[in-house]
2 protein chains.
Amino acid sequence: MNHRFGKGPPKGWPGHFRGQGYRVTVPRRIILQVLGNAEKHLSAEEIYLRSYKLYPAIGLTTVYRTLDLLIKNGVIIKIESGEGRARYELAGRVEGINCHQHLFCVNCRNFLDISDLTEDEIAVIKKMKERLLKKYGFTVKSCILQFYGECKNCKKKE
Amino acid sequence: MNHRFGKGPPKGWPGHFRGQGYRVTVPRRIILQVLGNAEKHLSAEEIYLRSYKLYPAIGLTTVYRTLDLLIKNGVIIKIESGEGRARYELAGRVEGINCHQHLFCVNCRNFLDISDLTEDEIAVIKKMKERLLKKYGFTVKSCILQFYGECKNCKKKE
DNA sequence: ATGTTAATGGTAATCATTATCAATAAGGAA
DNA sequence: TTCCTTATTGATAATGATTACCATTAACAT
Ligand SMILES: [Mn+2]
Ligand SMILES: [Mn+2]
Ligand SMILES: [Zn+2]
Ligand SMILES: [Zn+2]
């Protein structure tokens, strides 16, 4: 249901990658395909399992290595939500701004992944990006607004 | 130099904690003191080492357990920046809004911890909090704006 | 088609975090 | 203050996600 998921791998990545001197390999194709078709944030093991179905020769080590490469190139983002394993998601999903929100419940440790920004909010974030570039020399590729607090379910139980 | 650091432990926490049925113990006092005097985000081991200086009987397990307790009560926030170990910081440092920014470099994996919000940005975030409460039943206690991209140093090296 | 070397994948090693459990001490009651 | 209950502690062992290693394979430039 979330428009940030299930859109397939980023278009034109093979050319872009080759341009950087990287090789376009079968495992990399598969992993990007899995990430592109994900309906949620996936752990390394989940990515491995889904890739294995498409290409049983793949190894878990390669999954980790490829994820690392994709992070360094700004293609995906690594999410560590305190559950002991990291999760990964494509970074470039929202046109123009590439920003969404995570609502972390500090009590039950679940988190809600939403993409719910108003025009005002988008405008302000765009400005903030420009300011961060000027002031800190930092070029923003994507962002996540992490909110910590108490979720609906945990409130009921009180 | 960052106004979010070095302010000492949150005032009045012993009473608040006892009210919740928790006991106010020596290790908890020490750990909160260490967190309150931190000049940066500390790892569990760093917290343990600093606590050890003040109270050599303390154990690493207790540090982890106490950090967990403080997270659940919204006193601190756990930051996992992909370096293999988590870091912790007091949540309640910025009056009114409790929000600051992290600039993650996807290349060198360093991150800059800043607290640099304009009036406009603060106003927008306040509104967002209200909206998240109405729409998702989520009560925000604090937030971090995570920006992913390329840092100043990494640009130079290209 | 061949050569160079980036990339792979099985395996072992690492190390931050958790689980266990007997011993201790906070704090309420008397 | 003294006693009791039990939350909390800390030493140790176990866990498990991630990384290191290294011989083998396969992109892809020539
Ligand atoms: Mn997300
Ligand atoms: Mn911070
Ligand atoms: Zn919850
Ligand atoms: Zn950098």
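Since the model is a prediction, treat every value here as computed from it, not as a measurement. Every chain is numbered from 1, with letters handed out A, B, ... down the list of sequences.
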Ranking B:K78 and B:Y55 by the position along DNA chain C of their nearest nucleotide, the one closer to 5' is B:K78
Go through the N and O atoms of the side chain of B:T61 and the base of C:dT17, and report whether any donor-acceptor pair is under 3.5 Å. no
From the candidates D:dA20, D:dT18, D:dC28, the one with an atom nearest any side-chain atom of A:A44 is D:dT18
Can A:E89 and A:H100 be counted as having a side-chain donor-acceptor contact under 3.5 angstrom?
yes
Tested for side-chain hydrogen bond (donor to acceptor under 3.5 Å, both in side chains) against A:T139, the lone hit among B:E150, B:K155, B:K152 is B:K155
Rounded to whole Å, CG of B:D68 lies from P of D:dT8 at a distance of 13 Å
Query - Step-by-step salt bridge (charged side-chain N to carboxylate O under 4.0 Å, His left out) determination, A:D68 to A:K78 - result: CA-CA 9 Å; A:D68 228 52; A:K78 185 179 187 179; 5.6 Å; no
Side chains of A:N98 and B:Y148: is there a donor and an acceptor less than 3.5 Å apart? no
Whole-Å distance, B:I58 CD1 to D:dT8 P, equals 15 Å
From CD of A:E46 across to P of D:dT18 the rounded distance in Å is 11 Å
Side-chain atoms of B:A57 come closest, of D:dG10, D:dT8, D:dA17, to D:dG10
Of the listed C:dT11, C:dT8, D:dT8, the closest approach to the B:T25 side chain comes from D:dT8
Taken to the nearest whole Å, CD/A:E45 to P/D:dT18 is 9 Å
In whole angstroms, the gap separating P of D:dG10 from CD1 of B:I47 amounts to 15 Å
ask   = With respect to the phosphate group of C:dT17, does any side-chain polar atom (N or O) of B:Y64 fall under 4.0 Å of OP1 or OP2?
value = yes
Do the two ring centres, one from B:H41 and one from B:F5, sit under 6.0 Å apart? yes
Testing D:dA27, C:dG27, C:dT8 for proximity to the side chain of A:R28, the answer is C:dT8
Legend entry - Distance below 4.0 Å between A:R65 side-chain N/O and D:dT19 OP1 or OP2: no
When rounded to whole Å, the CZ to P distance for the pair B:F17 and D:dT8 reads 10 Å
Answer with base, sugar-phosphate or nothing: what part of the nucleic acid does B:Y48 contact at a heavy-atom distance below 4.0 Å? nothing
Assert: residue with more 5' nearest nucleotide on DNA chain C, out of B:R87 and B:V26, is B:R87
Considering only heavy side-chain atoms of B:R23, the closest of C:dA25, D:dG10, C:dA7 is C:dA25
A:R85 CZ to D:dT15 P, in whole Å, measures 16 Å
Between CG of A:L60 and P of D:dT18 the distance, given in whole Å, is 9 Å
